[in-house]
Asker: 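Sharing a structure with you now.
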Amino acid sequence: MKYNFTDIEKRQQKLWEEKEIFRLDDRSASKPYYCLEMFPYPSGRIHMGHVRNYSIGDVIARFRKMRGFDVLHPMGWDAFGLPAENAAIKHGIHPAKWTYENIDYMRRQLKRMGLSYDWSRELATCDPEYYRWEQLFFIEMLEKGLVYTKKSKVNWCEQCQTVLANEQVEEGRCWRCDTEVEERELDGWFFRITAYAEELLEGCDHLKGWPEKVLIMQKNWIGKSIGAEITFPVKGKDQPIKVFTTRPDTLFGVTFMSLSPEHPMAMELAMGTDQEDNVRTFIEKWKRSLKSERYGETEKEGVFTGSFALHPVTGKEIPIFIANFVLMEYGTGAVMAVPAHDQRDFEFAKRYHLPIRLVILPRDSEIDPENMSEAWEGPGILVNSGHFDGMDNQEAKKAIVDFLEKEGKGTPKVTYRLRDWGISRQRYWGAPIPIVHCPNCGAVPVKKEDLPVKLPFDVEFDPKGRSPLPYLKSFYETTCPRCGADARRETDTMDTFVESSWYFARYICPDDKNRPLDKDRVDRWLPVDQYIGGIEHAILHLLYSRFFTRVLRDLGYLSASEPFDRLLTQGMVLKDGAKMSKSKGNVVDPNTMIERFGADTVRLFILFAAPPERDLEWSDRGVEGAHRFLQRIWRLVTDNLEDLKNVRGKEYSSPAQAASRHQALKKLRQKTHQTIGKVTQDIEERYHFNTAISAVMELANETASVLRRESASGDSIPEDALWPVVLEALETILLLLSPVVPHITAELWTLLGHERIISLEPWPEADKDAAKIDNVTIVVQIKGKVRGKVQVPAGASQEEVEAAAMEETNVKRHLEGKEIRKVIYVKDRLLNIVV
RNA sequence: GCCGAAGUGGCGGAAUUGGUAGACGCGCUAGAUUCAGGAUCUAGUGGGAGCUAUUCCCGUGGGAGUUCGAAUCUCCCCUUCGGCACCA
């Protein structure tokens, strides 16, 4: 019988669909398990990254199901986004049509992979029935003060004709098209993610099932700094300048002050001084410079303002500079400069010949205050610091802030790097922001009962790429929900990351027409037990989802604080050492591979070639190898089908009895049950599918070798003993492999005469007695070098093993004339004799 | 610059807690089968030495250390990848 994977896969998939075996009734589940993979953007067709992502998720979902869990395993589409609009401009096809056609095609592709999704829960985020709820959240967040609008400097991508969030700018470039980002002043809507900064940071410590790497990236992104805000009076002015510092201990080392060129007082300080022209020139030059020129480590430059601040403790005059390296967005836009203990201030002081005043003396290294070559940023003892002298600098931080606070000159302060999430996009293909701009009332939310604000379909696309919405009268012309006056509808749409920040919750109740989330149902399933996706979302999507979950919790929609209990970040799929991409021409198309080898082979290869978190090198030879293995399994069952089927009909020995009748069978049975243990552990605890698969390969090899020896040496093993043990081994192989290669195992399972679909079978349990090893090989080392091996019964005492070891000729040879000083014995493993 | 991860045969990788380094697969070599190729099967496959023995030496990026014993722990260095990047 030939392994006709095309027919088999088609037939099995049809059967699963007809019998709805992966459909879940979430309300009657007694052992809920939520397995989720990041949903795809319907870009056209799936790529190997998707294949890997979904194969990993499918093994976990199928495994859990066989372990008796009620598995929620949904799939949907992250369907809003710019490529759809670009396609519209380029090919004249409507974004909706383009998107839904892609969804249809990609859904077929996913189905061909044999993934165990409950397709009845499928959703697309561009569906008004989906985004209407998001508009509702927006309004409720607005009511709670979690949404606000402001005019601000934003990241603008000219190519995409839209604003980008901070998280979407990578090295000063657009995350999507790599265009250099410009700065623009624009009105925009913001989600107050900073209100949750502390909670999001603190939450990282409880996400035990997340990779450390992702948590560190999130923590860094939130960027908490503990310090103080200190007020410096300005000589001859009423208004003081506030600075933020994490080093209040260095307060007495302040010799000047640096302001950002964007600081509101920058120009004012220079007015009327002889520095006025210099400062104006400097600021103007800075404003003209590109963001990319300011970015990174550029030469420190600045200009004196002509004004002086007064040291809050000593009252000494401190020159105020404008400096190119001071960021307006962080802290207060002004810094107290301590050149002796901050490298940037040090470089600046050197360049402009400003005094350097040492106030922290390191304990063990010598510093010559006259000839410092770099700032000392380490710990030490305070000097030149008035009555704080002699104090440890860590203690001094608190002491000085306490002192300033008492004097009314400073307060403890915590600052975060995280900025609020700008969600306005000047794009068409997104969820409309449910706001109306009224000349009398200002920005007014749409009435909840009027939701959704539907995205209009009959639009003309602008070849320059601008959104058509601001030009579409029928859309923007409206009346104020509050006063009824003629008003203009908001024409920006929401960042598509908003949709993906809560889709995992909607999958639980996609059928609910009356509310976004049914709390009772949602609370049973969230957080997601296992989430799987690419590392590229380490900050973006994963941070936004964590934020959104907390918002929904505080709006009363659900109880969870975290969306994802465990997170698995899979590595990339590479070809010839590089990420697959059209421009490099190293793309391997999943379709081609599935046609040539079948979905099972592709799944098997991709899971076998590397552990999931690591990058995976695509290898055509490796795929052939995976296919060969499946062929072997196929033959192993079909070549012996009659004998195997006979086992149940005839009065054969039970596997346990049969094993006791022949050594080779005992060994095979032992291997069978050991493999169950190993595979279960590898999948359940470690997600190391590669080693799980290799363990099954070993069992298959052992089974084949028993059969081969049997046929070669005639009838040394009685049939009624052989076949029960071989059948047990083969059925175990099928069950253990079924989450990985569901089609071939299902087919063979049926051929062996089983009525029930293999995916509905319980996961095998290892028989501890059968798996037990009775003889172990103990390594005998002499001074840590292997000199021999001895066979002893498992659990043998040190005396027994020593006695056996002394019989070994090679061991004897090495011990000759030497004195045994010490013997180390590790039970069932090794004996080390030290001479 | 800072933070993090990784470095093991010709290749992908294994070694879960410090205890036989190289499981499993790919590739390669030889043989069987075959008209041939492919497929399949069998045996071998880290390097070196060798009185061919149940042998010895070397070997997990490099160097030191801890230990009876280190791919695994500690310190220093090198390389690659990822993240952040003047965050006061």
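Here is how names work: the chains are called A, B, and so on, in the same order as the sequence lines, proteins then strands, and each is numbered from 1.
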Asker: Counting any heavy atom closer than 4.0 Å, what does A:R621 reach on the DNA or RNA strands: base, sugar-phosphate only, or nothing?
Answerer: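 The residue A:R621 makes sugar-phosphate contact but no base contact.
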Asker: Give every donor-acceptor pair under 3.5 Å between a side-chain atom in residues 824-833 of chain A and any protein atom, sequence neighbours left out.
Answerer:
from   : atom 1 : to     : atom 2 : distance (Å)
A:Y825 : OH     : A:A796 : O      : 2.7
A:D828 : OD1    : A:G795 : N      : 2.7
A:N832 : OD1    : A:G784 : N      : 3.0

Asker: Over how many whole Å does the gap from A:L707 atom CG to B:C41 atom C1' extend?
Answerer: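 Taking CG of A:L707 and C1' of B:C41, I get 14 Å after rounding.
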Asker: Measuring centre to centre across the rings, with the benzene-like ring taken for any Trp, is A:F348 within less than 6.0 Å of A:F321?
Answerer: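 So the answer is yes for these two rings.
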Asker: For the residue pair A:S705 / A:E702, report whether a side-chain donor-acceptor contact shorter than 3.5 Å exists.
Answerer: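 A:E702 vs A:S705: no donor-acceptor pair found between side chains.
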Asker: What's the CD-P distance between A:Q631 and B:G25, to the nearest Å?
Answerer: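 Answer to the nearest Å: 16 Å.
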Asker: Tell me which nucleotide among B:C87, B:G13, B:G82 gets nearest to the side chain of A:K213.
Answerer: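 Selected nucleotide: B:G82.
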Asker: Hunt down any stem RNA chain B takes part in, defined as 3 or more consecutive Watson-Crick or G-U pairs whose two distances are each under 3.5 Å.
Answerer: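 Stem list for RNA chain B: B:1-7 with B:78-84, B:10-12 with B:24-26, B:27-32 with B:40-45, B:46-49 with B:55-58, B:61-65 with B:73-77.
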Asker: Quick one, which residues of residues 676-687 of chain A touch RNA chain B with a heavy atom under 4.0 Å?
Answerer: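 Correct list: A:K678, A:Q681, A:R686.
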Asker: Does B:C41 have OP1 or OP2 sitting under 4.0 Å from an N or O in the side chain of A:R632?
Answerer: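 The answer is yes; a side-chain N or O of A:R632 sits under 4.0 Å from OP1 or OP2.
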Asker: Before accepting this row, confirm whether a basic side-chain N of the pair A:E262/A:K153 lies closer than 4.0 Å to the acidic partner's carboxylate O.
Answerer: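 Salt bridge present between A:E262 and A:K153.
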Asker: Out of B:A88, B:C87, B:U40, which has the shortest distance to the side chain of A:R419?
Answerer: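 Given the options B:A88, B:C87, B:U40, the side chain of A:R419 is closest to B:C87.
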Asker: Hey, is A:E347 close enough to A:K300 for a salt bridge, meaning N to O under 4.0 Å?
Answerer: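 A salt bridge links A:E347 with A:K300.
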Asker: Which residues pass the side chain to side chain donor-acceptor pair (under 3.5 Å) test with A:N690, not counting sequence neighbours?
Answerer: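 A:N690 satisfies side chain to side chain donor-acceptor pair (under 3.5 Å) with no other residue.
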Asker: A:L259 CG to B:A88 C1': how many Å, rounded?
Answerer: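 In whole Å, B:A88 C1' and A:L259 CG are 13 Å from each other.
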Asker: Within this structure, what is the CD-to-C1' distance between A:E536 and B:C81, rounded to whole angstrom?
Answerer: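 To the nearest whole Å, that distance equals 15 Å.
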Asker: What does A:R417 touch in the nucleic acid at a heavy-atom separation under 4.0 angstrom: a base, only the sugar-phosphate, or nothing?
Answerer: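 If one applies the 4.0 Å heavy-atom cut-off, A:R417 turns out to touch a base.
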Asker: Students often get this wrong, so: under 4.0 angstrom with heavy atoms, is A:V243 touching a base, only sugar-phosphate, or nothing?
Answerer: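 Answer is nothing: A:V243 stays at 4.0 Å or more from every strand.
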Asker: A:R546: which residues meet the salt bridge (Lys or Arg N to Asp or Glu O under 4.0 Å) condition with it, sequence neighbours left out?
Answerer: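 Once residues adjacent in sequence are excluded, the partners of A:R546 under the salt bridge (Lys or Arg N to Asp or Glu O under 4.0 Å) criterion are A:E562.
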Asker: Heavy atoms from C-beta onward define the side chain here; which of B:C24, B:A88, B:C26 lies closest to that of A:T246?
Answerer: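 Looking only at heavy atoms from C-beta outward on A:T246, the closest nucleotide is B:A88.
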Asker: Under 6.0 Å from the NZ atom of A:K667, do we count more than 12 heavy atoms belonging to anything else shown?
Answerer: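 Incorrect, the count does not exceed 12.
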Asker: Among B:U42, B:C3, B:A88, find the nucleotide with the atom closest to the side chain of A:Y330.
Answerer: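 The closest nucleotide is B:A88.
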Asker: Does A:F252 offer a backbone N or O that forms a donor-acceptor pair with the side chain of A:R357 under 3.5 Å?
Answerer: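 Side chain of A:R357 to backbone of A:F252: a pair is present.
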Asker: I want to check one thing: is the phosphate of B:A14, taken as OP1 and OP2, less than 4.0 Å away from some side-chain N or O of A:N690?
Answerer: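 For A:N690, the contact criterion (side-chain N or O under 4.0 Å from OP1 or OP2 of B:A14) is met.
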Asker: Under 4.0 Å, heavy atom to any atom of RNA chain B: which of residues 605-615 of chain A qualify?
Answerer: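 Listed by number, they are A:F608, A:A609, A:P611, A:R614, A:D615.
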Asker: Would you mind classifying the nucleic acid contact of A:D345 as base, sugar-phosphate or nothing, using non-hydrogen atoms under 4.0 angstrom?
Answerer: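 No contact.
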Asker: If you look at every strand shown and take non-hydrogen atoms under 4.0 Å, does A:G331 touch a base, only sugar-phosphate, or nothing?
Answerer: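 If one applies the 4.0 Å heavy-atom cut-off, A:G331 turns out to touch nothing in the nucleic acid.
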Asker: Whole-Å distance between B:G12 P and A:I693 CD1?
Answerer: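 Answer to the nearest Å: 18 Å.
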Asker: Applying side-chain contact (heavy atoms from CB on, under 4.5 Å), name anything that partners A:A578, two or more places apart in sequence or on another chain.
Answerer: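 A:A578 satisfies side-chain contact (heavy atoms from CB on, under 4.5 Å) with A:K584, A:N586 once adjacent residues are dropped.
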Asker: State whether A:R628 places a side-chain N or O below 4.0 Å from either non-bridging phosphate oxygen (OP1 or OP2) of B:G27.
Answerer: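 So the side-chain polar atoms of A:R628 do come within 4.0 Å of the phosphate oxygens OP1 or OP2 of B:G27, strictly under.
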Asker: In terms of side-chain heavy atoms of A:L327, which of B:A21, B:G27, B:C87 is nearest?
Answerer: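 Of the options given, the side chain of A:L327 lies nearest B:C87.
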Asker: Is it true that A:E229 and A:T411 share a donor-acceptor pair across their side chains at a distance under 3.5 Å?
Answerer: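 No, A:E229 and A:T411 have no side-chain donor paired with an acceptor closer than 3.5 Å.
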Asker: A quick test of your reading: do over 12 heavy atoms of other residues, nucleotides or ligands sit less than 6.0 Å from CZ of A:R596?
Answerer: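 Counting other residues, nucleotides and ligands, CZ of A:R596 stays at 12 neighbours or fewer.
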Asker: Which part of the nucleic acid, if any, lies within reach of A:L830 when heavy atoms closer than 4.0 Å are counted: base, sugar-phosphate only, or nothing?
Answerer: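 Base contact - A:L830 has a heavy atom under 4.0 Å of at least one base atom.
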Asker: Starting at atom CD1 of A:I318, determine the distance to atom P of B:A88, rounded to an integer number of angstrom.
Answerer: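 To the nearest whole Å, that distance equals 20 Å.
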Asker: Atom CD1 of A:I633 to atom P of B:U40: distance rounded to whole Å?
Answerer: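 Taking CD1 of A:I633 and P of B:U40, I get 14 Å after rounding.
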Asker: Please check if atom NZ in A:K413 has more than 12 non-hydrogen atoms from other residues, nucleotides or ligands closer than 6.0 Å.
Answerer: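 Atom NZ in A:K413 is not crowded, with 12 or fewer foreign heavy atoms closer than 6.0 Å.
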Asker: Side-chain donor-acceptor pairs under 3.5 Å in residues 604-618 of chain A, sequence neighbours left out?
Answerer:
from   : atom 1 : to     : atom 2 : distance (Å)
A:D615 : OD1    : A:M572 : N      : 2.8
A:E617 : OE1    : A:G577 : N      : 3.0
A:E617 : OE2    : A:D576 : N      : 2.7
A:W618 : NE1    : A:D620 : OD1    : 3.0

Asker: Are OP1 or OP2 of B:A23 and a side-chain N or O of A:T691 less than 4.0 angstrom apart?
Answerer: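 No.
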Asker: Say whether, by atom type as modelled, one donor and one acceptor occur between the side chain of A:T415 and the main chain of A:S225 under 3.5 angstrom.
Answerer: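 Not a single qualifying donor-acceptor pair exists.
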Asker: Respond yes when some side-chain nitrogen or oxygen of A:N220 is under 4.0 Å from OP1 or OP2 of B:C87, and no when none is.
Answerer: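 Answer no for this pair, as no side-chain N or O of A:N220 is under 4.0 Å from OP1 or OP2.
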Asker: Given B:A88, B:G4, B:G13, which nucleotide is nearest the side-chain atoms of A:D342?
Answerer: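 The closest nucleotide is B:A88.
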Asker: Give a yes or no answer on whether the side chain of A:N640 reaches the backbone of A:L636 with a donor-acceptor pair at less than 3.5 Å.
Answerer: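 Yes; judged by distance alone, with no hydrogens or angles, the pair exists.
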Asker: Taking the nucleotide of RNA chain B with the nearest heavy atom to each, does A:T245 or A:G622 sit closer to the 5' end?
Answerer: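 Mapping each residue to its closest nucleotide by heavy atoms, the 5'-most match is A:G622.
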Asker: Could you check A:M217 against A:M328 and say which one's nearest nucleotide on RNA chain B is further toward the 5' end?
Answerer: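 Of the two residues, A:M217 wins.
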Asker: Just to verify, what does A:R566 make a side-chain contact (heavy atoms from CB on, under 4.5 Å) with, not counting sequence neighbours?
Answerer: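 In terms of side-chain contact (heavy atoms from CB on, under 4.5 Å), with neighbours along the sequence ignored, A:R566 is linked to A:Q530, A:Y687.
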Asker: Can you check nucleotides 66-73 of chain B for protein contacts, nitrogen or oxygen pairs under 3.5 Å, and list what you find?
Answerer:
from  : atom 1 : to     : atom 2 : distance (Å)
B:C68 : OP1    : A:K822 : NZ     : 3.4
B:C68 : O2     : A:N832 : ND2    : 2.4

Asker: Would you indicate which nucleotide in B:A88, B:C41, B:U20 comes nearest to any side-chain atom of A:R635?
Answerer: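 Ranking B:A88, B:C41, B:U20 by closest atom to the A:R635 side chain puts B:C41 first.
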Asker: Testing the 3.5 Å rule here: is there a donor-acceptor pair between the side chains of A:T638 and A:Y3?
Answerer: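 The answer is no; no qualifying pair exists.
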Asker: Partners of A:R344 by side chain to side chain donor-acceptor pair (under 3.5 Å), sequence neighbours excluded?
Answerer: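 Listed in chain order: A:D342.
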Asker: Specify the glycosidic conformation (syn or anti) of B:G31, with syn defined as within 90° of 0.
Answerer: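 B:G31: anti.
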Asker: Counting the atoms with a prime plus P, OP1 and OP2 as sugar-phosphate, which does A:E617 contact under 4.0 Å by heavy atoms, base, sugar-phosphate, or nothing?
Answerer: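 Here A:E617 touches no strand at all.
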Asker: If you measure from the P atom in B:G7 to the same atom in B:A14, how many Å do you get, rounded?
Answerer: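 After rounding to an integer number of Å, I get 9 Å for this pair.
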Asker: Please tell me which of the listed nucleotides, B:A88, B:A14, B:C41, lies nearest to the side chain of A:V326?
Answerer: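 Among B:A88, B:A14, B:C41, the one nearest the side chain of A:V326 is B:A88.
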Asker: All N/O contacts under 3.5 Å from nucleotides 44-54 of chain B to the protein, with atom names and distances to one decimal?
Answerer:
from  : atom 1 : to     : atom 2 : distance (Å)
B:U54 : O2     : A:E808 : OE1    : 3.3

